[in-house]
Amino acid sequence: MKFWSRFFIPTLKESPADAEIASHKLLVRAGLVRKLSGGLYTYMPLGLRAIQKISQICREELDGAGAIELWMPHVHPVELWEKGPRWAAAREIMFRADSAGDGKRAPRDPEFVLGPTHEEVITPIVKSEITSYRDLPKNFYQIATKFRNEIRPRYGLMRAREFIMMDAYSFDTTDEGAIASYQAMKTAYERFFRRIGATAIAVEADTGVMGGSYSHEFMVPAEIGDDDVIYNEESGYAANREKATSALVPADLVDAAPVGEVEEFATPGVVTIAALEAAPYSVSGDKQFKTLVYIGDGKPFIVILRGNDELEEAKLGSLGFTLFRPATPEEIEPVLGAKPGSLGAVKGTIKDPSALAGVFADHAIRLIGNGVTGANKDGFHLRNVNVTRDLAITRFGDFRRVRPGEPDPKSGQPLKLRRGIEVGHIFKLGTKYSEKFGAVYTDDQKQTQLMVMGCYGIGISRTMQALIEQSHDADGIIWPWAIAPFQVLICLLDPKVEEAMNVAKTLASAAEAAGADVLIDDREERPGVKFKDADLIGIPLRITVGGKGLKEGVIEMKWRAQKDVAKVPLAEAETTIANAVRSAAQASA
RNA sequence: CGGGGUGUAGCUUAGCCUGGUAGAGCGCCUGGUUUGGGACCAGGAGGUCGUAGGUUCGAAUCCUAUCGCCCCGACCA
């Protein structure tokens with residue numbers, strides 16, 4: 001048991017000025033964290049306890065799923081990253097360090113980066129330590145600090161520059177094995193989130209810079225979340241909007257037959273979809289082709305969408321470019337022959353087709369059939385443009401942003417949208433890293449094979465804040481039992497009265513014996529202060545030992561999540577509390 | 001990186017427009033009265049007003065630069 005007066009819980013009456021959202025305010029007010037600088041936080045003693053509980057449950061579930069804990073360095077030689085597959089994409093968010101110390105690094109001084117994750121570290125280890133199929137599969141994990149120089153840290157621990165993360169890496173002999181590892185981790189995640197009392201749903205996700213074939217994110221629904229989740233409860237479809245699709249284009253769609261010849265018409269000054277929708281042109285957005293130009297790894301490429309659709313930029317990741325960005329007008333004109341606003345992809349109108357890395361069309365343009373697009377000549381558009389006859393399309397794909405209300409790809413029911421906080425992510429990586437680092441094994445036919453990898457992350461510190469965001473009221477935090485920094489708080493109203501102190505200690509021992517972590521508030525404060533602080537720090541079970549009750553021969557028992565207060569006769573108090581602790585522990589197991 | 005906001009005691013802030021002795025509440029220290037939902041009284045400590053220049057007889061206040069922080073966007077494993 002711990003005594004408040006000898007512990008350290010610096011609570012605040014007022015919210016810090018720089019906190020905007022409930023969970024961030026409560027993190028600070030309840031004395032869980034203190035800010036050092038933007039995105040950099042100290043975990044104060046109470047906050048650290050919650051972090052440790054979450055970590056421990058995470059550890060138990062991963063161990064249960066067969067993963068093996070280790071600990072890797074957080075300072076990485078930069079060469080390792082230069083050798084890996086994502087240096088170009090990841091370098092901007094990495095903190096860099098040199099060994100010179102005076103900022104004047106000589107060429108022979110090694111240069112380091114602070115690890116944002118550890119694929120580049122674990123893969124070489126596995127490469128040198130595992131060479132036989134007999135030693136596979138393996139799944140290694142750590143729970144440790146990660147460093148990412150986020151452009152904009154946000155909301156306390158929600159997006160921090162330094163944060164605590166569980167990261168795991170699986171190595172299998174085959175694709176099927178990798179899928180099994182992936183599934184095992186998905187199950188472990190589900191068990192983990194359930195045990196810590198979080199509502200987290202698995203949604204299909206974009207693989208982003210990580211690469212790899214597929215992935216799921218675990219989302220805690222919350223308005224302040226950074227991600228949009230597209231879902232339908234009935235069908236069970238759920239996906240990050242970056243990845244979400246809809247059944248907007250029927251599978252049995254027959255492409256429209258061409259109508260008329262392609263015909264140029266003057267559209268002076270018209271450079272937007274909206275302007276072409278207006279009189280005198282009156283071409284509705286769903287009859288226009290929107291032509292966007294991007295630069296992928298230095299080469300321009302075209303994306304064609306319906307006029308009233310938006311590009312979901314993350315979906316361009318499927319095209320295989322390491323880096324891509326919108327092209328500037330200066331880059332566009334020499335290739336297409338016109339400025340943005342008059343662009344198109346009709347065969348023969350592109351000035352320098354050989355410069356293009358490809359023309360990629362969203363499936364939904366097939367719904368247009370025959371429509372209008374730019375003529376690649378400033379001030380002119382083309383009508384009677386037919387998708388199958390006139391456009392030089394390299395490949396169709398899914399590039400548009402799904403809108404709520406569109407039909408679910410599984411059931412056809414309308415899709416919905418809500419915000420979520422990403423607390424976990426699992427990726428099936430494939431052989432991307434094994435190839436770069438030469439992580440191979442010998443199979444039972446004496447053949448050399450690439451290991452098939454997966455990687456997995458849980459934002460431990462972010463999860464703590466997400467839980468607060470999910471579970472609080474006007475008075476403070478309401479911790480789920482399993483991760484509460486303490487499970488039982490004994491509010492000792494008269495700490496100087498020896499009899500009361502003895503009762504408090506006896507009850508604390510009983511609760512501890514039943515498996516709870518107990519905090520005794522023995523501060524010489526007025527009762528009001530203690531009750532307010534108790535609500536603020538959100539300990540699930542509160543026992544009040546006060547003069548008033550002791551006169552009647554009772555103590556009081558109150559759950560943080562409930563309103564009612566139970567009076568318990570002193571003689572039964574130890575048993576009642578022990579039972580309450582056991583049943584709460586059981587309910588959250 | 002673009003847009004907006006902000007920086008005054010440990011915390012929350014007033015004062016800034018219109019230049020003239022830097023104020024309050026909370027917290028802290030001392031004493032007293034209180035004691036079941038953030039008590040009251042009396043006294044006290046605590047500030048180079050983010051930093052650096054400039055204007056001025058005089059700058060928290062006006063000007064310039066710079067740094068930090070917050071929000072929106074872009075970006076983001």
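Naming convention: chains lettered A, B, ... in sequence-line order (proteins, then strands); numbering from 1 in each chain.
Following rounding to the nearest Å, A/Tyr41 (OH) and B/rC70 (C1') show an atom-to-atom distance of 10 Å. In this structure, A/Asp494 atom CG and B/rU35 atom P are separated by 12 Å, rounded to whole Å. Across the protein-nucleic acid pair, A/Glu524 atom CD and B/rC28 atom P stand 13 Å apart, rounded to whole Å. One atom, NZ of A/Lys532, and another, P of B/rG37, lie 10 Å apart when rounded to the nearest Å. Taking atom CG on A/Asp18 and atom C1' on B/rC69, their separation rounds to 7 Å, with Å as the unit. Atoms CG (A/Asp533) and C1' (B/rG37) sit 11 Å apart, rounded to a whole Å. One can place CZ of A/Arg159 at 11 Å from P of B/rA74, the figure rounded to the nearest angstrom. Atom-to-atom, CG of A/Leu311 to P of B/rC75 comes out at 10 Å; the value is rounded to the nearest Å.
Using atom P as the reference point in both B/rC62 and B/rC17, the two lie 5 Å apart (nearest Å). Atom P of B/rG25 sits at a distance of 16 Å from the matching atom of B/rA39, rounded to the whole Å.
Ring centroid separation for the pair A/Tyr456 and A/Tyr141 does not come in under the 6.0 Å cut-off. A/Phe321 and A/Phe301 have their aromatic ring centers within a separation under 6.0 angstrom. Side-chain rings of A/Tyr214 and A/Tyr182 approach one another, their centers coming within less than 6.0 Å.
In this structure, A/Arg152 reaches the bases: a heavy-atom distance under 4.0 Å links it to at least one base atom across the strands shown. Within the 4.0 angstrom heavy-atom criterion, no nucleotide atom of any strand lies near A/Asp226. Residue A/Gly546 is in base contact, counting any heavy-atom pair closer than 4.0 Å across all strands shown. Contact annotation for A/Arg325: no contact, since no heavy-atom pair falls under 4.0 Å across all strands. At a threshold of 4.0 angstrom between heavy atoms, the contacts of A/Glu313 are confined to the sugar-phosphate backbone, with no base atom among them. Contacts of A/Arg91 with the nucleic acid, taken as non-hydrogen atoms under 4.0 Å apart, are absent.
A close approach under 4.0 Å does occur between a side-chain nitrogen or oxygen of A/Lys35 and OP1 or OP2 of B/rC70. For A/Ser37 and B/rC69, the shortest distance from a side-chain N or O to OP1 or OP2 is below 4.0 Å. Taking only side-chain nitrogens and oxygens, A/Tyr155 never comes nearer than 4.0 Å to OP1 or OP2 of B/rC69. At the phosphate of B/rG38, neither OP1 nor OP2 sits under 4.0 Å from any side-chain N or O atom of A/Lys530.
Remark: the A/Thr145 side chain and the A/Glu162 side chain contain no N/O donor-acceptor pair separated by less than 3.5 Å. A donor-acceptor contact closer than 3.5 angstrom is absent between the side chains of A/Glu120 and A/His76. No side-chain donor-acceptor contact under 3.5 Å links A/Asp167 and A/Thr117.
Comparing B/rA74, B/rG37, B/rU34 by their nearest atom to the side chain of A/Arg526 picks out B/rU34. Minimum atom distance to the side chain of A/Pro527 is reached by B/rG36, of the listed B/rG36, B/rU12, B/rC1. Residue A/Arg29 has its side chain nearest to B/rG38 when only B/rU13, B/rG36, B/rG38 are considered. Ranking B/rA39, B/rC76, B/rU12 by closeness to the A/Ala17 side chain, first place goes to B/rU12. Here the side chain of A/Glu20 is nearest to one of B/rC71, B/rA39, B/rG36, namely B/rC71. Proximity note for A/Asp535 (side chain, C-beta onward) versus B/rG38, B/rG36, B/rG37: the nearest is B/rG37.
Using N1 to N3 plus N6-O4 or O6-N4 for Watson-Crick, or N1-O2 and O6-N3 for G-U wobble, each under 3.5 Å, B/rG47 pairs with nothing. Pair assignment for B/rU12: B/rA24, on the basis of Watson-Crick or G-U wobble contacts that are both within less than 3.5 Å. Shown here, B/rG31 forms a base pair with B/rC41; the pair counts as Watson-Crick or G-U wobble because both key distances fall under 3.5 Å. Under the Watson-Crick or G-U wobble criterion, with both distances below 3.5 Å, B/rG7 is paired with B/rC67. A 3.5 Å limit on both hydrogen-bonding distances identifies no Watson-Crick or G-U partner for B/rA60.
In summary, A/Lys548 and A/Glu552 do not engage in a salt bridge, as defined by a charged side-chain N under 4.0 Å from a carboxylate O.
Between the side chain of A/Arg154 and the base of B/rG73, no donor-acceptor pair of N or O atoms lies under 3.5 Å. Residue A/Arg542 places a side-chain atom within donor-acceptor reach of the base of B/rG37, judged by atom type and a 3.5 Å distance cut-off alone. No N or O donor and acceptor, one from the side chain of A/Glu525 and one from the base of B/rG38, sit under 3.5 Å apart.
Ranked by how close their nearest RNA chain B nucleotide is to the 5' end, A/Gly549 and A/Pro326 are led by A/Gly549.
In terms of modelled atom types and a separation under 3.5 Å, the side chain of A/Lys290 and the main chain of A/Asp309 share a donor-acceptor contact.
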